[in-house]
**Student:** 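One structure, as structure tokens, below. Some questions next.
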Amino acid sequence: MPDLRIAPSILAADFARLGEEVRAAEAAGADWIHVDVMDGHFVPNITIGPAMVEAVRRCTDLPLDVHLMIEAPDRYVGDFVSAGADTVGVHVEACPHLHRSVQLIREAGARACVVINPATPANAVEPILSEVDQVLVMTVNPGFGGQKFIRSALPAVEQIRGWVERDGLQVDIEVDGGITADTIAEAAGAGANVFVAGTAVFGTDDYKAAIETLRKNAEAA
Ligand code: DX5
Ligand code: ZN
């Protein structure tokens, strides 16, 4: 299994103190920082743009895992990589030419992640597995933090982990949405190794304890 990573999502942080929040997550043991970019079209909410990614980049040396929940993401991949994204995730539902999108991310110099919504079959990413660094299986419908974990997304994680192992690939499998101390073990058991957690970290008053508990429960799975 690839390394286990806990990636706090700054969507649940206090934006008025974003620098402090990111540094606190790093000091608390976060492995990556997850950045949720929403455009008000692909998802109902509007959040973060490249300028904010650039600001976060100046606050931490941790890898920035940038999750694009936007229509026609190819237009912005270069801007987010220039701003400091280490990984860029694009939704298959928003990319009619997925190979081209993935190539664009890699040519810009970042790790390429493809993302599926909970109701999108795992098969949507099988043909491209050997060309990506990461697959993100959403465990909520994207758009907001603090939603309830959708358990029926887990068979997709299991299938994708099976294909990755069958083909001997080095692909991280990430889950995002409703990940808490209670749900993380199930996701880990299905084969995920990267865990995004917004509310379960930034919604607590002890980020270190929160991250330690998530890690412990994932390891125990
Ligand atoms: C949802 C975002 C998530 C969100 C997770 O659209 O992609 O990254 O921040 O929030 P929690 O962990 O609170 O469900
Ligand atoms: Zn996300």
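Atoms within a ligand are numbered from 1 in the order they appear, just like the ligands themselves. Sequence positions, counted from 1, serve as the residue numbers for this chain.
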**Student:** Is the number of heavy atoms from other residues, nucleotides or ligands under 6.0 Å of R166 CZ greater than 12?
**Tutor:** yes
**Student:** Could you pull out the N/O/S protein atoms under 2.8 Å of the Zn ion (ligand 2), ignoring any water?
**Tutor:** H34 NE2, D36 OD1, H67 ND1, D176 OD2
**Student:** Check whether more than 12 heavy atoms from other residues, nucleotides or ligands sit under 6.0 Å from atom OH of Y207, and answer yes or no.
**Tutor:** yes
**Student:** Which N or O atoms of ligand 1 sit under 3.5 Å from a protein N or O, and how far apart is each pair?
**Tutor:**
| unit_1 | atom_1 | unit_2 | atom_2 | d |
| --- | --- | --- | --- | --- |
| ligand 1 | 6 (O) | G143 | N | 2.7 |
| ligand 1 | 7 (O) | D36 | OD1 | 3.0 |
| ligand 1 | 7 (O) | H67 | ND1 | 3.3 |
| ligand 1 | 7 (O) | D176 | OD2 | 2.9 |
| ligand 1 | 8 (O) | H34 | NE2 | 3.4 |
| ligand 1 | 8 (O) | D36 | OD1 | 3.0 |
| ligand 1 | 8 (O) | D36 | OD2 | 2.7 |
| ligand 1 | 8 (O) | D176 | OD1 | 2.6 |
| ligand 1 | 8 (O) | D176 | OD2 | 3.0 |
| ligand 1 | 9 (O) | S9 | OG | 2.9 |
| ligand 1 | 9 (O) | D36 | OD2 | 2.9 |
| ligand 1 | 12 (O) | G198 | N | 2.8 |
| ligand 1 | 13 (O) | G146 | N | 2.8 |
| ligand 1 | 13 (O) | T199 | N | 3.1 |
| ligand 1 | 13 (O) | T199 | OG1 | 2.4 |
| ligand 1 | 14 (O) | G178 | N | 2.8 |

**Student:** Is there a donor-acceptor pair under 3.5 Å between the side chain of D86 and the backbone N or O of L64?
**Tutor:**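 Indeed, once roles are kept as given, a pair shorter than 3.5 Å links the two residues.
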**Student:** Donor-acceptor check, side chain of S82 to backbone of G78, threshold 3.5 angstrom: yes or no?
**Tutor:** yes
**Student:** Walk me through whether E212 and K208 qualify under salt bridge (charged side-chain N to carboxylate O under 4.0 Å, His left out).
**Tutor:** CA-CA 6 Å; E212 274 170 9; K208 189 161 188 283; 3.1 Å; yes
**Student:** Is a donor from one side chain sitting under 3.5 angstrom from an acceptor on the other, for T47 and D36?
**Tutor:** no
**Student:** Whether the side chain of R106 engages the backbone of S101 through a donor-acceptor N/O pair (distance < 3.5 Å, no angle test) should be reported.
**Tutor:** no
**Student:** State whether the side chain of N217 and the backbone N or O of A181 hold a donor-acceptor pair below 3.5 Å, judged by distance alone.
**Tutor:** yes
**Student:** Are the side chain of R161 and the backbone of G191 linked by a donor-acceptor contact shorter than 3.5 Å?
**Tutor:**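 Yes, the answer is positive, given that a donor and an acceptor are paired below the 3.5 Å cut-off.
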